[in-house]
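Below, all heavy atoms of this structure are taken into account, side chains as well, without hydrogens, waters or symmetry copies.
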Amino acid sequence: MRSIIDTLDLTVGEIEELCDTALDMIKRPKLYSHICDDKILATLFFEPSTRTRLSFEAAMYELGGHVLSVTDMATSSASKGESMADTSKVLSAYSDIIAMRHPKEGAAFVAAENANVPVINAGDGGHCHPTQTLADMLTIYREKGHFDGLTVGLCGDLLYGRTVHSLIHALSRYEGVKFICISPSELRLPSYMKQDFNVEETTSLEEAIPMLDVLYMTRIQQERFADRQNYERLKDSYVLTPEKLSRAKSDCIVMHPLPRVKEISVAVDKDPRACYFKQVENGKYMRMALIYKLLTDAEEDHSREVRPSVSDGKKCVNPRCIVSVEQELPHRYKKDSRGVCRCIYCDSEMV
Ligand code: NCD
């Protein structure tokens, strides 16, 4: 049974198939309006979310399915100390597919290994957010017509911005894609991402902007800062204004996963290159396509997801990893292409 923890769990071909299915769903909605009539989606959100949760719910309703939602985790059994493994087993008894968001990195991975139904990661801490990337990929595909050879500027909080991590994973598999990472030095991409992908780094949006085909703005992730003063100092690092955008190519598209705080001035919304509200609509259709695909795959394969890993005394010391709060979880790792041992849950280097 397939679960989706990150975009790397999908092949390039599968992402393109999902784009095609989503486009067909846009064109012929009636054809798909009853394909999940007897299915239930459970949304399990341990972190605040409006748009992503509603997007999943809207997607399931459009497919004719039903939705069970846990919106206030303060009233759930997790607040009594229930483990992620138990929560996901229990939810599997009530639903056919689970979409979950959690503040700890790797939480969705733990759920996927324990659930009896497919799990979709709707964001695990600052780690991954694959369905936002699917929305982003469909937007790029519809606006630019291709992925190969694009120069993509990623601007803002690249350390904690999970949407950026999943987008790099998806786009890096295309020929000639170049990433220009624009961030304050404190909020650069995590080191495991820098080693794995060919990225250029700068602190200047003004200098990078004329080179870009896609400008992907992100918010500074206030909730992930341990030190409030650091957030206050960095929060207004980048603000895209019509003046700055006037230096960009005439066909450069501007994207943002939303919610925006101040990083794109409202005056930019009128510019035909602004695509962030289109991303919202594309997100619903890509989630419809993904739910449909995973439910269809699950009908053929009932086996539970287990990913190979080693557990030999090495430790993950990332305080944001799920192992930091669920003490009984074994510390496990896999080796990356350079032979570095990386935590199976959060990808950080083991010690
Ligand atoms: C993003 C997220 O949750 O990571 N938002 C979203 O999915 N709509 C981006 C963000 O919160 O900044």
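A donor-acceptor contact closer than 3.5 angstrom links the side chains of Glu105 and Asn318. A donor atom on one side chain and an acceptor atom on the other are not found under 3.5 Å apart for Arg332 and Ser311. A donor-acceptor contact closer than 3.5 angstrom is absent between the side chains of Arg53 and Thr43. Side-chain contact of Glu263 with His256: a donor-acceptor pair under 3.5 Å is present, judged by distance alone. Side-chain contact check for Asn282 and Thr139: at least one donor-acceptor pair (N or O, by modelled atom type) lies under 3.5 Å. Under the 3.5 Å distance criterion, with hydrogens and angles disregarded, no donor-acceptor pair is assigned to the side chains of Gln132 and Ser166. For the residue pair Asp269/Tyr276, the side-chain donor-acceptor check at 3.5 Å is satisfied.
For Glu281, the salt bridge (Lys or Arg N to Asp or Glu O under 4.0 Å) criterion is met by no residue, not counting sequence neighbours. Residues that satisfy the side-chain hydrogen bond (donor to acceptor under 3.5 Å, both in side chains) test with Asp236, not counting sequence neighbours, are absent from this structure.
The two atoms that bring Ser92 and Ser88 nearest to each other are OG-O, 2.6 Å, heavy atoms only. Nearest heavy-atom pair, Gln279 versus Ala135, reported as atom, atom and distance to 0.1 Å: O-CB, 3.7 Å. The minimum heavy-atom distance linking Leu240 with Val268 is given by the pair O-CG2, 3.5 Å. For the residue pair Ser183 and Arg188, the shortest heavy atom distance occurs at OG-CA, 3.5 Å. Closest non-hydrogen pair, Ala170 versus Thr133, comes out as CB-CG2, 3.6 Å. Minimum heavy-atom separation, Ile5 to Ala112: CD1-CB, 3.9 Å.
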| request: Show your reasoning for whether side chain to side chain contact (heavy atoms under 4.5 Å, CB included) applies to Asp213 and Ile140. | output: CA-CA 10 Å; Asp213 300 306; Ile140 296 172; over 6 Å; no
| request: In sequence, state the C-alpha distance, the side-chain angles, and the governing distance for Arg2 and Asp297, and then conclude on side chain to side chain contact (heavy atoms under 4.5 Å, CB included). | output: CA-CA 7 Å; Arg2 294 281 292 283; Asp297 289 357; 4.0 Å; yes
| message | Applying salt bridge (charged side-chain N to carboxylate O under 4.0 Å, His left out) to Asp124 and Arg320, what does each step give before you reach the verdict? | response | CA-CA 10 Å; Asp124 59 330; Arg320 298 184 302 273; over 6 Å; no
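Contact check for Phe109 versus Asn121: no side-chain heavy atoms found under the 4.5 Å cut-off. The shortest side-chain heavy-atom distance between Val67 and Ile40 does not fall under the 4.5 Å cut-off. Residues Tyr192 and Asp336 fail the side-chain proximity criterion, which asks for heavy atoms closer than 4.5 Å. No side-chain heavy atom of Lys262 sits under 4.5 Å from any side-chain heavy atom of Arg219. Considering only heavy atoms from C-beta on, Pro184 comes within 4.5 Å of Leu187 through its side chain. Under the 4.5 Å side-chain criterion, counting only non-hydrogen atoms from C-beta, Arg342 is not in contact with Lys335. The side-chain heavy atoms of His66 and Met60, taken from C-beta on, include no pair separated by under 4.5 Å. Proximity of Met286 to Thr21: side-chain heavy atoms (C-beta onward) are nowhere separated by under 4.5 Å.
Hydrophobic clustering of Ile, Leu, Val, Met, Phe, Trp and Tyr side chains at less than 4.5 Å, counting indirect connections, keeps Leu212 apart from Leu154. Both Ile26 and Ile15 are assigned to one and the same hydrophobic cluster, defined by single-linkage of ILVMFWY side chains at heavy-atom distances under 4.5 Å. Under a hydrophobic-cluster definition in which Ile, Leu, Val, Met, Phe, Trp and Tyr are linked whenever side-chain heavy atoms come within less than 4.5 Å, directly or via other members, Tyr238 and Val164 are assigned to different clusters.
Salt bridge Arg287/Glu57: absent, no basic N to carboxylate O contact under 4.0 Å. Salt-bridge annotation for Glu326 and Lys104: absent, with no side-chain N of the basic residue lying under 4.0 Å from a carboxylate O of the acidic one.
Using modelled atom types, one side-chain atom of Asp9 and one backbone atom of Asp6 make a donor-acceptor pair closer than 3.5 Å. Judged by distance alone, the side chain of Glu113 and the main-chain N or O of Arg307 form a donor-acceptor pair under 3.5 Å. Of the possible donor and acceptor atoms, one in the side chain of Asn114 sits under 3.5 Å from a partner among the backbone N and O of Val110.
Aromatic ring orientation, Phe147 versus Tyr174: tilted (interplanar angle from 30° to 60°).
Remark: aromatic rings of His169 and Phe197 are close, center separation under 6.0 Å.
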